[in-house]
Amino acid sequence: MSIDTRPAAPRRRSAPAARPVSRPARRRKPLGNPVAGLGSLVWLLIVLVPLYTLVSASLMRQDQALNGDPLAVPTDPTFENYRTVLDSGFLSLLGNTALVAVATVAIVLVLSVPVAYVAVRTRSRLSSLAFRTFLLGVAIPAQAVIVPLYLMIGKMGLYDSLWAIILPTAAFAMPVAVLVLSGTMRDVSEEMYEAMALDGASPWRMLWQLAVPLSKAGISTVAIFSALQAWNGFLFPLILTQSEENRVLTLGLFNFMTQFGVNIPAVLAAIVLSVVPIFAVYLVARRALINGLMGVGGK
Amino acid sequence: MSHHAPVAKSHGGGKAAVGDVGRPPVAWAVPGILFFAVFAIVPLAIAVYLSFTSWDGLNSPTMTGLDNWTRLFQDSEFGQAAWLSLVLTVISWAFQTPVALLLGVWAAGRQKNRALLSAVFFIPLLLSTTAIAMLFHALLDPNFGVIKEIGPWIGVDPNVMGSSTGALLVVAFVGGWQFMPFHTLIYQGGARQIPEVLYQAASIDGAGMVRQFFHITLPQLRHTMTTSSVLMIVGSLTYFDTVLIMTKGGPGTDTTILPYLMYRTGFQTYDLGYAAAIATALVVVATAISLIMVRLSGFGNMRSTREGM
């Protein structure tokens, strides 16, 4: 847990519209404290009870889970449910999902970084039009395009392949990526670009040696978000793939639910297993993730 | 400040001004724009086109003019689905906003254990919608789930999923359970930006905590509230996984909200033209809301300076 000592977004370069950000460390006494404090405890219970049950019941034998008190601590913990899940092809689901996530992140970064860079560094009408299109793109729900995508992916001959998941997922991760990246790139000061320009640096070098290194925070946020989106996506895999060999985690989980029927502990064990990789990422990249999310509400 | 003197603008337009030296060619953005267009914008256009056709998913779509649209406005199922979407949206907003606001303001402060609690609050956001829907499906199973133990204790009928109101409320609750941390973070970020002097001045004037909350915190958070509310609204208009996994639109059609109706029409009855019409209706509403968002929250002026957006 000591990995994240480095603040993820250290360079908040004198941005004109930014209000002074006061340090959390010397915060005022918070307001509404008694009510909100109590509320937070209630919410804590609402969050924890399902999570506790998830883990504890996944360790129970089926009869104990079905007959006993579901809130009880498993008296005789067993990993049998986990073995059941692992034996039903869980690892291939994991492999497919990891592949989809990595490919999605790669595509999103390769395509979004130049778009954001152009949006920030040029003043042409075209680039601001493009930027606005991406802005609106945030609001396009995947459900709105799933019927035409079904048609297009079929025509492209990609139906029931991992590409059928990767390409639309990457496209739908792009608007947020462009927004986040242009936000961080805009904070790189103009003077530094000018200094490099005087040295005769090409635009390409400026991107690689200035904009990208100084936007690391934004880039990691984007990478994590795209990976999460790919990892958790459900609609695209559901509609655009079919065979078992191209099945990803979310769809696999959904299938377990019907396959295992009332074997609730096994279903819960599958859920736990599906969360483990994300949880590992979270522990490593907690700050980038939270800072990225918090930035959404800025102003 | 960066006003560039046109130093190098000499020699008959051979060179650009220093301010333009090293600016990337717009062409760099083309691959990204094309890719996004192919998989997000073009499909939108095709969806509109398909909404004027009849298509079973196998043969070619055939034009049927306004048939789908006239049907849409007469279809009582569509009417019900639109109504349920609206109800779900209102319930979700009314449930999530006060809780997220209070939690966010609270988390922006300085309590012991705040970091730890915030980390716990965050966990639901890591689970996929699928996993969460399945988890609650298991927990709320009237025969085996925790609900049969806890339900009577907190005044919830163990068969809550069997009643139409109950099922809709559960869908709203599960969505809130998942996205509350996200909105809490948004409010936390907003609350941290409120200048402390406002509170100091108010304390000197003798304003109590409640008054400070209503006269400083709430007004200062109005932009944050806009952003969060719009995200909630668009989010709950497009709930899908939860409904498919937990209720399958039931009992009866009592949780058949628009996205689920679209899915059922398109991919279970293979009436894809009509499904495209439903989807188009959905995107019109979502776009209208997002345009309002761009207007109200000032995203449009490209001046977002905080980390992230």
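Each chain gets a letter, A, B and so on, in the order its sequence line appears, and its residues count up from 1. Excluded from the calculations below are hydrogen atoms, water molecules and symmetry mates; all remaining heavy atoms, backbone and side chain alike, are included. Values in this document were obtained by computation on a predicted structure and should not be read as measured data.
Rounding to the nearest 0.5 angstrom, the gap separating the CG atom in Leu238(A) from the OG1 atom in Thr130(B) is 9.5 Å. To the nearest 0.5 Å, atom CG of residue Asn232(A) and atom CG of residue Leu127(B) are 8.0 Å apart. With rounding to the nearest 0.5 Å, the separation of OG1 in Thr250(A) from CG in Asp241(B) is 8.0 Å. The distance from atom CZ of Phe39(B) to atom OG1 of Thr169(A), rounded to the nearest 0.5 Å, is 10.5 Å. Here Phe134(A) contributes atom CZ and Ile33(B) contributes atom CD1; the two are 6.0 Å apart, rounded to the nearest 0.5 Å. The structure places CD1 of Ile123(B) at 7.0 Å from OH of Tyr282(A), a figure rounded to the nearest 0.5 Å.
Nearest approach of Leu167(A) to Phe35(B), heavy atoms of both residues: O-CZ, 3.5 Å. Among all heavy-atom pairs drawn from Thr238(B) and Gln143(A), the shortest one is O-NE2, 2.6 Å. When all heavy atoms of Trp106(B) and Ser40(A) are compared, the closest pair comes out as CZ2-OG, 3.7 Å. Taking every heavy atom of both residues into account, Ala40(B) and Ile140(A) meet most closely at O-CD1, 4.3 Å. Pairing each heavy atom of Pro141(A) with each of Val283(B), the nearest pair is CD-CG2, 3.8 Å. Listed here is the closest heavy atom pair of Leu253(A) and Met134(B): O-CE, 3.3 Å.
Of all the listed residues (Thr280(B), Leu139(B), Leu34(B)), the one sharing the greatest number of non-hydrogen pairs under 4.5 Å with chain A is Leu139(B). When each of Phe173(B), Tyr263(B), Tyr187(B) is scored by its heavy-atom pairs under 4.5 Å with chain A, the top score falls to Tyr263(B). Of the listed residues (Ala131(B), Pro24(B), Gly235(B)), the greatest number of heavy-atom pairs within a distance under 4.5 Å of chain A belongs to Pro24(B). When the candidates Ala170(A), Pro50(A), Pro114(A) are compared by the number of heavy-atom contacts under 4.5 Å with chain B, Pro50(A) comes out ahead. Interface remark: of the candidates Ile245(B), Leu282(B), Leu258(B), Ile245(B) forms the most heavy-atom pairs closer than 4.5 Å to chain A. In terms of non-hydrogen atom pairs under 4.5 Å with chain B, the most contact-rich of Pro175(A), Ala270(A), Ser202(A), Gly233(A) is Pro175(A). Of the residues considered (Phe234(A), Phe279(A), Phe254(A)), Phe234(A) shows the highest number of contacts with chain B, using heavy-atom pairs under 4.5 Å. Of all the listed residues (Leu103(B), Thr184(B), Ile132(B)), the one sharing the greatest number of non-hydrogen pairs under 4.5 Å with chain A is Leu103(B).
For chain B, the nearby part of Phe172(A) is the side chain; its heavy atoms alone come within less than 4.5 Å. Neither the backbone nor the side chain of Ser112(A) comes within less than 4.5 Å of any heavy atom of chain B. Neither the backbone nor the side chain of Ala281(B) has a heavy atom closer than 4.5 Å to any heavy atom of chain A. Using a 4.5 Å cut-off between heavy atoms, Leu221(B) makes no contact with chain A at all. Proximity to chain A involves both the backbone and the side chain of Pro31(B), based on heavy atoms less than 4.5 angstrom apart. Looking at Phe240(B), both its backbone and its side chain come within 4.5 Å of chain A, counting heavy atoms on both sides. In this structure, the portion of Leu50(B) lying under 4.5 Å from any heavy atom of chain A is its side chain and not its backbone. With a threshold of 4.5 angstrom between heavy atoms, His183(B) does not approach chain A through any atom at all. Leu268(A) touches chain B through its side chain: at least one heavy atom from C-beta onward sits under 4.5 Å away, while N, CA, C and O do not. Contacts between Val49(A) and chain B at a heavy-atom distance below 4.5 Å involve the side chain alone, from C-beta outward. For a residue to count as touching a neighbouring chain, one of its non-hydrogen atoms must lie under 4.5 Å from one of that chain's; by this rule Val99(B) touches chain A with the side chain only. Within the 4.5 angstrom heavy-atom criterion, only side-chain atoms of Met180(B), from C-beta onward, approach chain A. Only the backbone of Tyr239(B) comes within contact range of chain A, with at least one heavy atom under 4.5 Å from a heavy atom of that chain. Both the backbone and the side chain of Ile46(A) come within less than 4.5 Å of a heavy atom of chain B.
In this structure, Trp55(B) and Tyr150(A) have tilted ring planes: the angle between them lies in the 30° to 60° band.
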Q: Let me see the working for Leu48(A) and Val120(B) under side-chain contact (heavy atoms from CB on, under 4.5 Å), right down to the final yes or no.
A: CA-CA 8 Å; Leu48(A) 276 184; Val120(B) 176; 3.6 Å; yes
(Q) Could you go through Glu194(A) and Arg23(B), starting from their C-alpha distance and side-chain angles, then the distance that decides it, and tell me whether this counts as salt bridge (charged side-chain N to carboxylate O under 4.0 Å, His left out)? (A) CA-CA 10 Å; Glu194(A) 281 170 14; Arg23(B) 294 202 183 274; over 6 Å; no
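The backbone N or O of Trp204(A) sits nowhere less than 3.5 Å from a side-chain atom of Trp28(B) that would complete a donor-acceptor pair.
The residue from Leu54(A), Val275(A), Val267(A) that alone fulfils the side-chain contact (heavy atoms from CB on, under 4.5 Å) condition with Leu135(B) is Leu54(A).
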